[in-house]
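Notes for the one structure printed next.
By convention in this document, chain letters (A, B, ...) are assigned in the order of the sequence lines, proteins followed by strands, and residues within each chain are numbered from 1. Here the structure is a predicted model, which means the values were calculated and not measured.
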Amino acid sequence: MRDARGHIRRLPGLRLWLSGGWLTFLVLAAVFAPLISPHDPLAQDLFAGRLPPFFEQGADPAYLLGTDSLGRDVLSRMLYGARLALIVALVAGTLTCLIGATLGLIAGYYRGWADLVISRFIDIWMAFPPVLFAILLIAVLGTGLMSVIIAIVVIDWTRFARVVRAEAMGQGAMDYVASAQVAGRTRFGTALTEILPNVLPTIVALLTLEMGIAVIVEAILSFVNLSISTDQPTWGGMIAEGRTSIYQAWWVLVFPLFALFLTVLSFSQLGEGLKDHFDPVLR
Amino acid sequence: MSFLSIQDLTVQLKNGMPLLRQVSLDVAPGEVRALVGESGAGKSMIGKAVLGILPKAARLTGGKILLDGEDLQTLPQKARRQRIGARAALIPQDPLTALNPSRRVGPQITDRLVDILGWKRPDAEKRALELLEEVHIQSPDRVMKAYPHELSGGMRQRILIASAFAAEPKLIIADEPTTALDVTVQKQILKLIREMQQRHGTALLFVTHDLGVVSKIAQSLSVLYAGKVIEETTVENFFASPSHAYSRALLAATPKYTDPEGSLTQVPESVIAAVEAEVAAFDDQVKAGSRP
Ligand SMILES: Nc1ncnc2c1ncn2[C@@H]1O[C@H](COP(=O)(O)OP(=O)(O)OP(=O)(O)O)[C@@H](O)[C@H]1O
Ligand SMILES: [Mg+2]
């Protein structure tokens, strides 16, 4: 028994370290992109088009991860792309979380007509296919960073609302909530001290997951050319451009795709790890 | 005069189904009244009605609850909460779900002193330590910093008892406080509750379905069946000569150490049928309007 438990407990630690490590690296890279980028991410050099990465024949050491068909440095574009990916992840993830979790908490804890209205909205919302919904929204709002963020928030708040509502409902039936109310604590006070701390591990896990999803959605929108304006490098944009020259220059597609994959994976693993870390019973 | 006086309390589900049928009972200051009845009889519902924590599906549709002579139903919501908080507290059945798993024990006790009495945190902490000592917890300062899951069930129940008595309420409602514990711990907890109740002179409404426990702790008792009080008497009278047939059957079905065979007898069908008929007749009277 003891051994088995000890074994399970070691895993989240490793998970936290690996995912946290990659995300920290990414944040540093994004913040210091102007300092560490070897080239201007937008500078074209038609004489240096489709240069392969350093480990292939015919590479130019000045372009570590090669260049795309217009001769732009892949590494520099990825570093600047990380900025946008992280901004979208942080801002869209946090806003989605705040709005969704608040609505979920209200619905699950206060119940009554608020729950009726919010639950109905969730049902209707979930009936829309999310990617089409996003494309539709961008078409209405116009492209740009703000539009991408708004689209993500508008589409994904239900993810938080649904889960937090269910958890808050379960918590609301607990004896300690009743005891707090007998002691004269207000409904709002009870929600803050008794419900929220118990729902928090789930919210944190969902938040990091949502950040990963935000990165993907941004990439998808860039891929279909609906995201931020075309002259700002994004991972999704790079993947879209790389797709057209996959046989001549696979690196233009594969490196940003790999960064995207690692980032989304790290966000979801970080969430799971943090959830265990926050949960007093599992800790 | 009694500290808690419940008069003709009726609680119904939203669809009109009665859960409590004109329940009346009194608890005098310092008195221990047991509330017995089978599972689903509505024992917990009485406690919840008094404490103002009825489930959403249930509604108080008639009768009065007087706490220290004051009719709670006439008070506005906020004042009612304050009155109840200052005068009454709950020792719940399940020590597992009665403490918040994500908060340390200390703040969960001190919260009450801050909420109810408006104390400052440091004072409340000092008092909480004293209370934990009073319920015989060793190294209370360590327990204050512990999370509930780090403590045993008996320990948690002691903490809940300490926190129920924290703000010196005049009434405590204990809802089967020993059912979730194993037998040896049950005895200790029962002894502790009686000891605390006597020292603090608290009125106690003790919910249980164990008549053996009743004889050890209570002075008076009410027997509940299907949300209706069918007998209301002193413990002495009850054990000497219960007046209602259902009470007699209940007493006969209680295990005795001297008569292990007795523990296997059940309340006979005929007695159940009779008491069901009584409840049905009562409902008809209410419908016909010959009762309010
Ligand atoms: N939230 C609820 N919604 C609807 N009905 C409920 C609810 N809670 C309790 N009831 C019903 O009210 C009745 C009385 O329940 P109560 O919990 O008071 O029983 P009890 O006497 O405390 O039983 P036990 O010994 O099992 O605790 C039961 O028939 C139960 O089904
Ligand atoms: Mg009960």
Side-chain angles (χ1 to χ4, degrees), chain A residues 1-2 5 9 101 105-116 118-119 164-165 167-205 274-283, chain B residues 44 47-48 50-57 77-105 107-118 146-150 156 159-160 163-164 166-167 169 171-173 175 180:
Chain A
M1 266 307 273
R2 251 172 207 289
R5 236 166 103 164
R9 276 188 180 185
L105 204 59
I106 290 172
Y109 181 55
Y110 287 89
R111 310 298 307 275
W113 62 265
D115 185 24
L116 274 180
I118 293 170
S119 296
V164 171
R165 171 179 175 272
E167 289 228 347
M169 250 163 78
Q171 292 294 327
M174 292 295 184
D175 281 344
Y176 48 81
V177 175
S179 293
Q181 278 173 13
V182 172
R185 181 148 286 212
T186 57
R187 296 280 286 169
F188 182 66
T190 316
L192 283 191
T193 61
E194 310 301 314
I195 310 279
L196 194 57
N198 287 298
V199 185
L200 206 57
T202 308
I203 293 184
V204 169
L274 282 181
K275 182 176 167 141
D276 295 350
H277 191 73
F278 267 92
D279 194 325
V281 184
L282 289 178
R283 185 162 44 201
Chain B
S44 302
K48 285 176 185 164
V50 172
L51 296 172
I53 47 173
L54 279 176
K56 280 254 151 80
Q77 165 98 8
K78 198 171 168 214
R80 185 178 349 153
R81 283 231 168 285
Q82 275 170 352
R83 291 295 199 289
I84 294 172
R87 293 172 187 173
L90 172 73
I91 302 176
Q93 169 169 0
D94 186 357
L96 275 172
T97 63
L99 286 167
N100 190 335
S102 63
R103 301 181 67 205
R104 291 174 199 277
V105 166
Q108 301 197 48
I109 305 174
T110 52
D111 267 3
R112 293 168 180 263
L113 294 163
V114 175
D115 282 351
I116 299 169
L117 304 175
Y147 282 95
H149 69 95
E150 297 165 354
R156 276 183 259 190
I159 290 165
L160 290 166
S163 99
L171 170 74
I172 285 185
I173 296 178
D175 192 350

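- Applying the side chain to side chain donor-acceptor pair (under 3.5 Å) rule to B/Asp115 yields the partners A/Arg185; only residues at least two apart in sequence or on another chain are considered.
- In this structure a side-chain-to-backbone donor-acceptor pair under 3.5 Å is present from B/Glu150 to B/Tyr147.
- Without hydrogens or angle criteria, A/Glu194 side chain to A/Ala180 main chain gives no donor-acceptor distance under 3.5 Å.
- Within residues 106-113 of chain A, the residues having any heavy atom less than 4.5 Å from a heavy atom of chain B are, in residue-number order, A/Tyr110, A/Arg111.
- Contact annotation for A/Thr186: neither backbone nor side-chain heavy atoms come within less than 4.5 Å of a heavy atom of chain B.
- Interface remark: B/Lys78 contributes no atoms to any contact with chain A (heavy atom separation under 4.5 Å).
- Nearest heavy-atom pair, B/Pro95 versus B/Ala180, reported as atom, atom and distance to 0.1 Å: CD-CB, 3.9 Å.
- When all heavy atoms of A/Glu167 and A/Val199 are compared, the pair lying nearest together is OE1-CA, 4.0 Å.
- Of the two parts of B/Ile84, the backbone and the side chain both hold a non-hydrogen atom closer than 4.5 Å to a non-hydrogen atom of chain A.
- Residue contact with chain A, scored on non-hydrogen atoms closer than 4.5 Å, involves the backbone of B/Ala88 exclusively.
- Residues A/Ser179 and B/Arg112 form a side-chain contact, since some pair of their non-hydrogen atoms from C-beta on lies under 4.5 Å apart.
- Of the listed residues A/Ala183, A/Pro197, A/Gly184, the one with more heavy-atom pairs under 4.5 angstrom with chain B than any other is A/Ala183.
- Across every non-hydrogen atom of A/Asn198 and B/Pro101, the tightest pair is OD1-CG, 3.4 Å.
- Nearest heavy-atom pair across B/Ser44 and B/Asp175 is OG-OD2, 2.8 Å.
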